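Contents: one structure, followed by commentary.
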There are 2 protein chains.
Amino acid sequence: MVVDKLSKHLSNAEIDRIFQALADATRRDIVARVTAGEYSVSGLAALYTMSFAAVQKHVAVLERASLVTKEKRGREQIVRGNHEGLQKARHLLDQLETIWRQRADRIADILAEDDEKDLP
Amino acid sequence: MVVDKLSKHLSNAEIDRIFQALADATRRDIVARVTAGEYSVSGLAALYTMSFAAVQKHVAVLERASLVTKEKRGREQIVRGNHEGLQKARHLLDQLETIWRQRADRIADILAEDDEKDLP
DNA sequence: ATATCGTACAACCAAATGGTTGTAGATAAG
DNA sequence: CTTATCTACAACCATTTGGTTGTACGATAT
């Protein structure tokens, strides 16, 4: 199987986990919220109609993807955005964007060459 | 259930499809390849050890996520990167990045305020 | 001391995923 | 015409996913 590594620092498995973690609206909402402030797991669970255990699982998925961290404070578990993980994700997305833009640039170049042929 | 819409133009279902499509190394490889050139489905299938049908399914997932288009040419089906879809994905990722960066900036501001308090 | 709160975790379930093989229909090549 | 190629699609299978309920346990409040 030929699968290019998109990053020297992120394994394909890590990238899989990041994208899969973000492929759910509830989890994206959790990321947005804990990136803008602190929430306990039950504090998060109160925001959604699903069960506490379901939210707990969503947080676990985000944690495995390094997008979020948990820290025990008293009897609560505080969830925060993991800036290192988020930065990794951002870097990864930059790389993907670069590949796509290179393609766009190549097309632009080809079109530019055609234009030159039309010059006097 | 409270789930913020991250975009006026992309539904949560569309975003789900985009991230999930990218949550597989083979599919990311396909996106990279068809973004850099043209491939038939069988041309793609030749690159991987899995069956033709499996690759066909991966392409279908990418197509449903609007990251790729198929066009019939003779008996072949040509797969290309869908620039509109890719741009949507890029825009979406920019928005996520903005949210994360705003958080970082807010932290920087808070730290800056603390520094000011230490001034003479 | 006891009840309550926040969490962890197991067991279970339905549906989706990622893969397989097999069959069938167009299209191209001999 | 016959054969080989490319694609589509169905049926099946194992595993994962997203959800549930129930139980147990440490921390907190009354």
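Because the structure is predicted, anything quoted here is derived from the model rather than measured. Just so it is clear: chains get the letters A, B, ... in the order the sequence lines come, proteins before strands, and each one is counted from 1.
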Between protein and nucleic acid, restricted to nucleotides 14-18 of chain C and to nitrogen or oxygen atoms under 3.5 Å apart, what atom pairs and distances do you find?
| residue | atom | partner | partner atom | Å |
| --- | --- | --- | --- | --- |
| dT17(C) | OP1 | Gln20(B) | OE1 | 2.9 |
| dG18(C) | OP1 | Arg27(B) | NH2 | 3.3 |
| dG18(C) | OP2 | Arg27(B) | NH1 | 3.1 |

Using a cutoff of under 3.5 Å, can you pull out all pairs of nitrogen or oxygen atoms linking the protein to nucleotides 25-30 of chain D, with atom names and distances?
| residue | atom | partner | partner atom | Å |
| --- | --- | --- | --- | --- |
| dT28(D) | O4' | Arg75(A) | NH1 | 3.3 |

Side-chain donor-acceptor pairs under 3.5 Å in residues 39-46 of chain A, sequence neighbours left out?
| residue | atom | partner | partner atom | Å |
| --- | --- | --- | --- | --- |
| Ser40(A) | OG | Ser42(A) | OG | 3.3 |
| Ser40(A) | OG | Gly43(A) | N | 2.9 |

Show every donor-acceptor pair shorter than 3.5 Å between a side-chain atom in residues 52-66 of chain A and any protein atom, with sequence neighbours excluded, or say none if there are none.
| residue | atom | partner | partner atom | Å |
| --- | --- | --- | --- | --- |
| His58(A) | ND1 | Arg27(A) | NH1 | 3.1 |

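With hydrogens and angles disregarded, a donor-acceptor distance shorter than 3.5 Å links the side chain of Glu14(B) to the backbone of Ser11(B).
In this entry the distance linking CZ of Phe52(A) with P of dG6(C) reads 9 Å, nearest Å. Whole-Å rounding puts the Glu63(A) CD to dT7(C) C1' distance at 13 Å. To the nearest angstrom, P of dT27(C) lies 15 Å from CD1 of Ile78(B). Atom P of nucleotide dA4(D) and atom CD of Glu76(B) are separated by 19 Å, given to the nearest angstrom. Rounded to whole angstrom, the span from the CD atom of Glu71(A) across to the C1' atom of dG6(C) amounts to 16 Å. One can place CD of Gln77(B) at 7 Å from P of dT7(D), the figure rounded to the nearest angstrom. One atom, CG of Leu44(A), and another, P of dG6(C), lie 13 Å apart when rounded to the nearest Å.
Using a 4.5 Å cut-off between side-chain heavy atoms of Ile, Leu, Val, Met, Phe, Trp and Tyr, with links allowed through other members, Leu67(B) and Tyr48(B) fall into the same hydrophobic cluster. A continuous path of hydrophobic side-chain contacts links Ile30(A) to Leu47(A) [ILVMFWY only; heavy atoms under 4.5 Å].
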Worksheet entry | Pair Glu76(B)-Glu38(B), side chain to side chain contact (heavy atoms under 4.5 Å, CB included): steps then yes or no | CA-CA 12 Å; Glu76(B) 294 186 328; Glu38(B) 283 185 359; over 6 Å; no
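If you check every strand for non-hydrogen atoms under 4.0 Å, Ala53(B) touches a base.
Within the model, atoms CG of Leu22(B) and CD1 of Ile18(A) stand 12.0 Å from one another, a figure rounded to the nearest 0.5 Å.
Contact between the side-chain N/O atoms of Ser42(B) and the OP1/OP2 oxygens of dT5(D) is not found at any separation under 4.0 Å. Of the side-chain N and O atoms in Ser51(B), one or more sit less than 4.0 angstrom from OP1 or OP2 of dT20(C). OP1 or OP2 of dA8(C) sits under 4.0 Å from a side-chain N or O of Gln56(A).
With a 4.5 Å cut-off on side-chain heavy atoms, Arg80(B) and Val34(B) do not count as touching.
Scored by the salt bridge (charged side-chain N to carboxylate O under 4.0 Å, His left out) test, Asp16(A) finds Arg28(B) as partners (sequence neighbours excluded).
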